[in-house]
Protein chains: 2
Amino acid sequence: MAQPRRVSMADVARLAGVSSQTVSRVSNGSPGVVDTTREQVLAAMRELGYRPNSAARALKRGAFRTIGVILFSLASTGNSRTLEAIATHAAHEGYAITLIPVAVPTQDSVLGAFTRLGELAVDGIIVIMEVHLLDAATVTLPPNVQVVVADSDAGDLYSVVDTDQADGTRQAVSHLLDLGHETVWHVTGPEESFASNRRALAWRQTLEAAGRTVPPQLPGDWSAESGYRAGLRLADEPSCTAVFAANDQMALGILRALHERGKSVPDDVSVVGFDDIPEANSFIPPLTTVHQDFAEVGRRCVQGVLRQIERAEHETGTTLVPTRLVVRASTAPPRAR
Amino acid sequence: MAQPRRVSMADVARLAGVSSQTVSRVSNGSPGVVDTTREQVLAAMRELGYRPNSAARALKRGAFRTIGVILFSLASTGNSRTLEAIATHAAHEGYAITLIPVAVPTQDSVLGAFTRLGELAVDGIIVIMEVHLLDAATVTLPPNVQVVVADSDAGDLYSVVDTDQADGTRQAVSHLLDLGHETVWHVTGPEESFASNRRALAWRQTLEAAGRTVPPQLPGDWSAESGYRAGLRLADEPSCTAVFAANDQMALGILRALHERGKSVPDDVSVVGFDDIPEANSFIPPLTTVHQDFAEVGRRCVQGVLRQIERAEHETGTTLVPTRLVVRASTAPPRAR
DNA sequence: CGCGCCGATGTTTACGTAAACATCCAGCAA
DNA sequence: TTGCTGGATGTTTACGTAAACATCGGCGCG
């Protein structure tokens, strides 16, 4: 069934009785082809089922119209939603997306991904990753490939797009303080994560700026399970009336732990998350959380990398995408003593 | 900063003092190059930072070593996890993944995606989608491109890989019946979804096979919100002691609705979900659900499409990936009357 | 009426790679 | 020694496209 050879411009040219260059012009919508000729060529294309060979095109043009995306995992909502936005916007600009998954986030495997990308047909790269793994000293970027990094603070080396972690955190913590809570406890994401560190730092700073005592932070790893473990410990802290979880999954685990220990949310303890995953609205109770605009992050990543490709010029600096607090039913003033 | 031209084999050949063909042999690991020569070439490659040009390679070989993935949305856990598995396995086989997002799942836009893919540099396509949109009469596949479809029943037209929806559903419903429930209610996914229809059908058949009455099914759309609405209606059904939700998100919504109406899970009502998303373990209470092996689905998709590419031969038929019921705390025997 | 210009189309060439074929040389058997 | 064999390496060519340049013919203007 499979034809041994693809239809090439030469075939179309022969059938249409023109030169292959004219076919090329029609194919690219170049001017300088008279309507009648164009029609003949288009008819011949249709008849033969002609499709441009993108490899030859890329070879000739020296550009692939493709962006590579390196990411560590698609498991997190944030990563997949960002990727989706990237894919959509790239498609809109006529760029294709090539995916390079990195199984294990070690320096070596990230390096490997970069190497592979260098061999792949891409004009630019978007890295979605906790990026202290990206050591500029060891990673040699393929020449002529531009990079944008999401979810990182490598703004001095690369062009970075990120959610405004600090402001989102400030909104969350301030919201709890404004409700009248003495202080706010915090369950962190994994140590290696920049987003996690940034949120923890902003939490601490917001408390300090308000002159509150800073309780010890509880370690988590983004998973609901780790939130559950932290929640069990918080349930044993009588002084704890408000918790800020570094993401919604951990908040879910905290809700479960508090529920199992007979603590009411929000009457005994208020809980705030981060991300605003679609399910947050259906937690018990519906979760107050910081909404991240993943679509916007993706959009700006594409914008950034395309701008660099166009100008053939590396950029650095950080773009922050604003967040907003979504208040639902998991927060309330502390129970009167 | 950007070099005007890439390093080509000719440059390496010149520096190493050999012909470009020898460089090509080294680059591809072909035999017939003596060790000393190979070393020289490798050294020259390193010095110049040589990277093979994949466009030229693809042009010469007539194959791209790339698989296109068409998907409607990455928002669902299932899709992203499947995609991740696809990317990982494809990378392992030396294939790259090109992503083609379809913004709106209409016939037209799917067609558009196929057209775009035809122009893109892919050897095969994996479609992750509710696929009655794929009408064989209107979609003309680019020649020489092989297709595998996930999440569909188009097994007579394409090679299909899917979770064993029917058996998973049977396990879920039987589990509830075995616990002693008279019958099982069902909250469905969206009408247009094959997975949803398959689950609803299997639910009905399992009940009928056990000689139970089949309650009316409640419509949902995969979202937790729709589960919540269905849950509110179920809370008003005194006869309802067991619910099978077509996915975990809707189960979450049901749990919340029942909780708000003062119904205890599992004492008053047992709830089972489908998917086993990571958070299911942290629902209140932890959710009994049907575990889907998305990684395996992805793996088999890649296998299937690579086999077709290799043999240059279209295949049809369906491969089912088994599921298993994960029993947690949301199911129990009905309360004694 | 002829010159030159311009728009439409054709011809040549190069992009970087790798298959096919050609060449060269060392080693070995007659 | 000669001729042959086979492994190592070089040369030619083609993949499909599009830029650059070439050609052709008609039309306006002096």
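Values reported hereafter were calculated over all heavy atoms of this structure, with side chains retained and with hydrogens, waters and symmetry mates removed. Quick note on labels: first sequence line is chain A, next is B, and so on, each numbered from 1. These figures come from a predicted structure and were not determined experimentally.
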Side chain proximity check, A:Gln165 to A:Phe194, heavy atoms < 4.5 angstrom: no
Whole-Å distance separating the CG atom of A:Asn53 from the P atom of C:dG16: 16 Å
Between A:Ser159 and A:Arg300, a side-chain donor and acceptor under 3.5 Å: no
Nearest-Å distance for atom pair NZ/P, residues A:Lys60 and C:dT12: 16 Å
Between P of D:dG10 and CE of B:Met9, the distance in whole Å: 12 Å
Gap between atoms CG and P, on B:Leu59 and C:dC15 respectively (whole Å): 14 Å
Under 4.0 angstrom between A:Arg57 side-chain N/O and D:dA18 OP1 or OP2: yes
Side chain to side chain, A:Glu296 and A:Arg299, heavy atoms closer than 4.5 Å: yes
Nearest-Å distance for atom pair CG/C1', residues A:Asp11 and D:dA14: 14 Å
Atom pair distance, as rounded to whole Å: CZ in A:Phe64 and P in C:dG16: 10 Å
Contact residues, residues 15-40 of chain B to DNA chain C [heavy atom, < 4.0 Å]: B:Gln21, B:Ser24, B:Asn28
Distance in angstrom units between B:Arg61 CZ and C:dA20 P, rounded: 14 Å
Within-4.5 Å side-chain heavy-atom neighbours: B:Asp123 and B:Tyr95: yes
Rounded distance [0.5 Å steps], OG in B:Ser76 versus CZ in B:Arg81: 10.0 Å
CG/B:Asn28: more than 12 non-hydrogen atoms of other groups inside 6.0 Å: yes
Atom-to-atom span, CZ of A:Arg14 to P of C:dG10 - whole angstrom: 14 Å
